[in-house]
Amino acid sequence: MARQDLIPPRLRPADVLRVGAVGLRTRPTRAFLSALGVAIGIAAMVGVVGISSSSGAELDRQLSALGTNLLTVSNGQTLTGETATMPLEAEAMIERIGPVLSVSSIGAASDAKVYRSEAVPEAQTGGITGYAARLDLLDAVGATLRDGTWLTAATQVYPAVVLGSTAAERLGLAAAGPGTQVLIGGERFTVAGILEPVALATELDTAALVGWPVAEERLGFDGHPTVLYTRVDERHLEAVRDVLAGTGNPEAPNEVDVSRPSDALAAKQATDQAFTGLLLGVGAVALVVGGVGVANTMVISVLERRAEIGLRRSLGATRGQIRTQFLAESLLLSAIGGVGGVCAGAAVTVGYAAYEEWPSVIPAEATAGGLAATLVIGAVAGLYPAIRAARLSPTEALAAH
């Protein structure tokens, strides 16, 4: 029995937490600043992953709403480097392809410069292009109106125009109406509507869209389509894509460009993900810096608490128990920072997603990975101070005090 009484009692998990929290309670400001360093790194990582995932969810939502079966056929270049011209019959020829569901088009009226009024200098066009547009264009590209109305069979023969979102901003127009007019090719056109940004046809954002007949009559439009928007049966998408150039311009298929707008959106998302990787690297650096801060705090804590260590050793605490105490303190300090960082990163993600009107997505692996990273950082940062504390002999520690 006497021999068993000399065996130091084991520390239960609750005891480990209690003794580990002693240093945090006695030095709250230092503990807060150390935990803050870890929290910043974790918040950066969780926020970046969350915002990236929310952006991806918004892209998936857009593609689901707009469809991925849109192919565009546009003018390419001739062998001499000039802009090619598609045949007048291009639209009708493409409509004959079996899996094609619908075709719409726009045609550039190249000489129709767009101005707010006659007082604007001729050189200040604002990069706005005048186009003739088919009446079914909105359905073809999945566009919606911000204000006003779209062209109709009645208004397409009159000087009425629908502006893209960017075009309206550059012209300083916030709303459409009978009293709002712009100058196109020297002719006054009433602004009938303003579009929302068009994800699958960004060229329409800087466009001034007028009816096909009025463009031919008043703007010198030659009737040749510039871009054709083709909706295709998903099952035959690649097959149709292969024959569109030859069908749209049989005499010179090499002068036709065929693209899939959803691929461009996916490429943009890939670019965003590459940028996300860079930001994650920055967050990781911040986390390492936070870990160094925790290690520094623990080393100083060991130096300042040598008397406590000596007293505990004199009362029977083993080296292992001292080591466990300081390692637990380091883990607890990092865990507090990690939980705070996860909450802050989640809040940033939700706030930014709400501002952009995106769905909020915080991947579970991001939060779990963040918390796991804090425990690793805490263990690494606290290992040396814990070993150093455990090596102090009772007499050495009390004498230093």
Side-chain angles (χ1 to χ4, degrees), residues 62 65-66 70 72 74 91 102-229 261 354-357:
Q62 286 183 359
L66 300 174
L70 178 67
T72 63
S74 56
E91 194 171 348
S102 64
V103 182
S104 188
S105 64
I106 58 174
S110 55
D111 295 330
K113 306 300 182 184
V114 184
Y115 303 94
R116 182 67 178 88
S117 69
E118 294 87 344
V120 179
E122 185 177 348
Q124 297 181 10
T125 62
I128 302 170
T129 305
Y131 286 102
R134 297 297 189 189
L135 297 182
D136 56 358
L137 178 65
L138 291 191
D139 292 335
V141 299
T144 56
L145 285 160
R146 176 184 298 170
D147 188 55
T149 59
W150 178 242
L151 301 171
T152 65
T155 59
Q156 70 169 341
V157 299
Y158 293 104
V161 61
V162 175
L163 298 173
S165 58
T166 304
E169 290 174 7
R170 292 177 182 175
L171 292 170
L173 299 175
T180 306
Q181 294 184 330
V182 294
L183 205 65
I184 305 178
E187 298 272 349
R188 283 194 164 275
F189 279 70
T190 298
V191 179
I194 297 174
L195 296 177
E196 293 281 6
V198 185
L200 294 183
T202 54
E203 62 275 7
L204 299 183
D205 293 340
T206 56
L209 304 166
V210 304
W212 209 275
V214 75
E216 293 178 317
E217 179 184 346
R218 301 197 181 195
L219 302 180
F221 174 51
D222 60 9
H224 289 271
T226 303
V227 183
L228 287 86
Y229 303 98
Y355 175 77
E356 293 287 349
E357 297 183 349

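A quick note: this is a predicted structure, and the numbers were derived from the prediction, not measured.
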>> Would you compute the distance between atom OH of Tyr115 and atom CZ of Arg188 and round it to the nearest 0.5 angstrom?
In response: 14.0 Å
>> Here's a test for you: under side-chain contact (heavy atoms from CB on, under 4.5 Å), which of Leu200, Leu204, Val103 qualifies with Tyr229?
In response: Leu204
>> Among Val214, Asp111, Val210, which residue satisfies the side-chain contact (heavy atoms from CB on, under 4.5 Å) criterion with Leu219?
In response: Val210
> Does the side chain of Leu173 reach to within under 4.5 Å of the side chain of Arg116, using non-hydrogen atoms?
Replying inline: yes
> Roughly how far, to the nearest 0.5 Å, is CG of Leu183 from OG of Ser117?
Replying inline: 7.5 Å
>> Holding to side-chain hydrogen bond (donor to acceptor under 3.5 Å, both in side chains), I want the full list of residues that pass it with Thr152, two or more places apart in sequence or in another chain.
In response: Thr155
> Hey, does Thr206 have a side-chain heavy atom less than 4.5 Å from the side chain of Arg170?
Replying inline: yes
>> Can you confirm whether Leu145 sits close enough to Leu195 that some side-chain heavy atom of one is under 4.5 Å from a side-chain heavy atom of the other?
In response: yes
Enumerate, atom names and distances included, each donor-acceptor pair closer than 3.5 Å involving a side-chain atom of residues 129-143, sequence neighbours excluded.
from	atom 1	to	atom 2	distance (Å)
Arg134	NE	Glu91	OE1	3.2
Arg134	NH2	Glu91	OE1	3.4
Asp136	OD1	Ser104	OG	2.7

> Hey, are the side chains of Val114 and Phe189 touching, using non-hydrogen atoms and a 4.5 Å cut-off?
Replying inline: no
> Can you name the closest pair of heavy atoms from Leu163 and Ala208 and give their distance?
Replying inline: CD2-CB, 3.8 Å
> Ignoring hydrogens and geometry, is there a side-chain-to-backbone donor-acceptor pair from Asp147 to Ala176 under 3.5 Å?
Replying inline: yes
>> How about CD on Glu357, more than 12 heavy atoms from neighbouring residues, nucleotides or ligands closer than 6.0 Å, or not?
In response: no
>> Assess the residue pair Val182 and Ile128 against the criterion (side-chain contact (heavy atoms from CB on, under 4.5 Å)); give the C-alpha distance rounded to whole Å, side-chain angles, the decisive distance to 0.1 Å, and a yes or no.
In response: CA-CA 12 Å; Val182 294; Ile128 302 170; over 6 Å; no
>> What verdict does the side-chain contact (heavy atoms from CB on, under 4.5 Å) test give for Leu171 and Val191, after you've listed the backbone C-alpha separation in whole Å, the side-chain angles of each residue and the deciding distance to 0.1 Å?
In response: CA-CA 11 Å; Leu171 292 170; Val191 179; over 6 Å; no
> Which heavy-atom pair separates Glu196 from Asp205 by the least distance, and what is that distance?
Replying inline: O-OD1, 4.2 Å
>> Testing the basics here: between Gly223 and Glu216, what is the closest heavy-atom pair and its distance to 0.1 Å?
In response: CA-OE2, 3.6 Å
> Are any side-chain N or O atoms of Thr226 and backbone N or O atoms of Ala108, one a donor and one an acceptor, separated by less than 3.5 Å?
Replying inline: yes
> Closest heavy-atom contact between Ser110 and Lys113?
Replying inline: O-NZ, 3.9 Å
>> Tell me the closest heavy-atom pair linking Leu151 and Ala160, and the distance in Å.
In response: CD2-O, 3.9 Å
